[in-house]
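The block underneath contains the structure these notes are about, expressed in structure tokens.
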There are 2 protein chains.
Amino acid sequence: MATTAALAETAALVGDPARANMLGALMDGRALTASELAGVAGVAPQTASGHLARLAQAGLLAVASQGRHRYYRLASPGVARMLEAIMAVAEAAPRAVRPVVTGPRDAALRAARTCYDHLAGGLGVALADALTERGHVELSADGGVLTDAGAAFLRGLGVTFDGAARPRRGGRVFCRPCLDWSERRPHVAGAVGAALCARCFENGWIRRLDGTRAVAVTPAGRLAFRSVFGIGAFSPG
Amino acid sequence: MATTAALAETAALVGDPARANMLGALMDGRALTASELAGVAGVAPQTASGHLARLAQAGLLAVASQGRHRYYRLASPGVARMLEAIMAVAEAAPRAVRPVVTGPRDAALRAARTCYDHLAGGLGVALADALTERGHVELSADGGVLTDAGAAFLRGLGVTFDGAARPRRGGRVFCRPCLDWSERRPHVAGAVGAALCARCFENGWIRRLDGTRAVAVTPAGRLAFRSVFGIGAFSPG
DNA sequence: GCGATGCTACGGCCACGGCCGAAGCATCGT
DNA sequence: ACGATGCTTCGGCCGTGGCCGTAGCATCGC
């Protein structure tokens, strides 16, 4: 069976620590230069170059040359989903041998971060809880849906999603649940999650922290999340 | 960041051809013995034993001793989803270098097969199309839902799903869409897909083909799929 | 009890692949 | 035009890990 060979090839690409570091750094959906990726991977530029070429050729990364820089990003949302799925399994693994001291940077990641195109961590889960509590979304392990009330609510916030993601013939707007690796609970992903996240950035409610996936809630955002969603403090862990 | 190390470890486990063959053989949800898995992997028993021990320790496989046999199976649906996600990315890769002669066995797999606990391939997609056409389910890339009419329809067929999977407070029954690697289109997975698949086996509409994931449609099944779902012939490729 | 079967543990062989130094091209700045 | 920067290619070193032969332990059949 030829298909398991392809399975092994793709998995082996992710299975190298240096490449895994690169992919992890790209999971927030941004594009990074080869040098930056060499830095996060902890390898020399020429080593990183080889890794990036392989990842691009395999269709995991897309590359855009711009001046003398080359920007690499995840080739598709499917790649991000794959990485999520692997991390979910890895996280579920018996942790016996790995107490893992979670440093301060890790704490920031757990509090609030982006996950390719949507929000995750404590903030992401709190938003999902608030939306669920008010009947705006319904989530389960198998899927999720944005209710009519939820659609109206988000429209009121100025959140817009392209019509491409909604099923033809006036069906429902689905929102993909994404299992959070730190919270172990689902949060809102898919087109709805991406649009909501984008709006939060536009409104200045959150901003990126240094050069990582972690995001910080601004003072304005703190007010907004409290008044709009009823979120006071969200669990940092 | 410690999390990318776990990502790499898990991916590396899948990234070996022998182990990938084993995992692929287990994707239909059955449990196989160590010897059988050594056979599909094409390695000696002692080599397979080492691989299986590593996969089990990492939480990818569950093992049950029974007499002098040891039965290995996927540890959770999450592992199956991870493998699906990797195969989806691998399948989307530029195929330039790989014309891949699809043998007769491959053709049977493409026509109809199980995917952990539900139906995939030509039959799975045809069922999803029929259910969608009649308004019984709605599917999109981000999620899916079983309509009230669909729930009644499946109840009439004797399909039963446990209440655990349905969200609390009388919400909708979701059905997870699973991107088919051969058809490149979504089919019905999740709790609904699993229950429907189980019912098809119970009714004798389909049966397993030799020792693979492929299934054959019985004469009775051919009649049933035509009369109940309006499926005449489903695409073999 | 005895051999056969299924599985696992150990040891050594070997090769695939990651790593960097050196060198070669592009592009940008002045 | 010149050097500096960013990226890639090539070549060789070396360690990790897959592989099987041999051996050891449990279970089954008679």
Side-chain angles (χ1 to χ4, degrees), chain A residues 4-26 30-58 60-73 75 90 97 211, chain B residues 4-26 30-58 60-73 90 93 97 211:
Chain A
T4 57
L7 171 68
E9 270 176 49
T10 303
L13 286 175
V14 187
D16 175 78
R19 288 192 294 262
N21 276 326
M22 293 174 174
L23 292 169
L26 293 171
R30 287 177 306 170
L32 299 179
T33 68
S35 307
E36 291 169 328
L37 290 168
V40 305
V43 296
Q46 61 270 37
T47 302
S49 178
H51 286 314
L52 291 169
R54 290 183 59 183
L55 290 170
Q57 171 155 15
L60 296 198
L61 297 185
V63 55
S65 292
Q66 191 168 318
R68 55 181 163 180
H69 296 279
R70 301 197 73 182
Y71 283 92
Y72 289 90
R73 59 177 174 80
V97 187
Chain B
T4 57
L7 171 68
E9 272 178 45
T10 303
L13 284 175
V14 187
D16 176 78
R19 288 193 293 264
N21 276 326
M22 295 175 173
L23 292 169
L26 293 171
R30 286 179 308 170
L32 298 179
T33 69
S35 306
E36 291 169 326
L37 290 169
V40 304
V43 295
Q46 59 272 38
T47 303
S49 178
H51 285 315
L52 292 169
R54 290 182 60 183
L55 290 171
Q57 172 155 13
L60 295 198
L61 296 185
V63 55
S65 292
Q66 191 168 317
R68 56 180 164 184
H69 296 280
R70 301 198 73 182
Y71 283 92
Y72 290 89
R73 60 177 174 79
V97 185

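Per chain, numbering begins at 1; letters A, B, ... match sequence-line order. Keep in mind it's a predicted model, so treat the numbers as computed, not measured.
Partners of A/A34 under the side chain to side chain contact (heavy atoms under 4.5 Å, CB included) rule, at least two apart in sequence or in another chain, are A/L52, A/Y72. A/T33 pairs by the side-chain hydrogen bond (donor to acceptor under 3.5 Å, both in side chains) definition with A/E36, not counting sequence neighbours. A search for side chain to side chain contact (heavy atoms under 4.5 Å, CB included) contacts involving A/A53 returns nothing, not counting sequence neighbours. Partners of A/R30 according to the salt bridge (Lys or Arg N to Asp or Glu O under 4.0 Å) rule, which considers only residues two or more places apart in sequence or in another chain, are A/D28.
Sorted by first and then second residue, the pairs that involve residues 60-69 of chain B and meet side chain to side chain donor-acceptor pair (under 3.5 Å), not counting sequence neighbours, are B/S65-B/R70.
For the pair A/L13 CG and C/dG17 P, the interatomic distance rounds to 11 Å; values are reported in whole Å. Look at CG on B/L37: it is 14 Å from P on C/dG6, rounded to the nearest Å. The distance from atom CD of A/Q57 to atom P of D/dT8 is 13 Å, rounded to the nearest whole Å. Separating the NE2 atom of A/H69 from the C1' atom of D/dT8 is a distance of 15 Å, rounded to the nearest angstrom. Summarising the geometry, the separation between CG on A/L32 and C1' on D/dG6 is reported as 15 Å, rounded to the nearest angstrom.
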Please tabulate, for side-chain N and O atoms in residues 10-19 of chain A, each donor-acceptor pair with protein atoms closer than 3.5 Å (sequence neighbours left out).
from, atom 1, to, atom 2, distance (Å)
A/T10, OG1, A/A6, O, 3.1
A/D16, OD2, A/A18, N, 3.0
A/D16, OD2, A/R19, N, 3.2
A/R19, NE, A/L13, O, 2.6
A/R19, NH1, A/H51, ND1, 3.0
A/R19, NH2, A/A12, O, 3.2

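Counting only Watson-Crick and G-U wobble pairs whose two distances sit under 3.5 Å, DNA chain D takes part in these stems of three or more pairs: C:1-30 with D:1-30.
Between C/dT8 and B/R70, a contact under 4.0 Å exists linking OP1 or OP2 to a side-chain N or O.
At the heavy-atom level, A/Y71 lies nowhere under 4.0 Å from the strands shown.
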**Request:** At under 4.0 Å between heavy atoms, which parts of nucleotides 9-22 of chain D does protein reach? Answer with one letter per nucleotide, 5' to 3': B base, S sugar-phosphate only, - none.
**Result:** B--------SSBBB

**Request:** Encode nucleotides 24-30 of chain D as B, S and - characters from 5' to 3', where the letter depends on protein heavy atoms closer than 4.0 Å: B to the base, S only to sugar-phosphate, - to neither.
**Result:** ---BS--

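For the pair A/L37/A/L26, a side-chain contact is recorded, criterion being any heavy-atom separation below 4.5 Å from C-beta on. Side-chain contact between B/T4 and A/L23 is absent, with no heavy atoms from C-beta onward closer than 4.5 Å.
Annotation for A/L7 and B/A90: closest pair N-CB, 4.4 Å, computed over non-hydrogen atoms.
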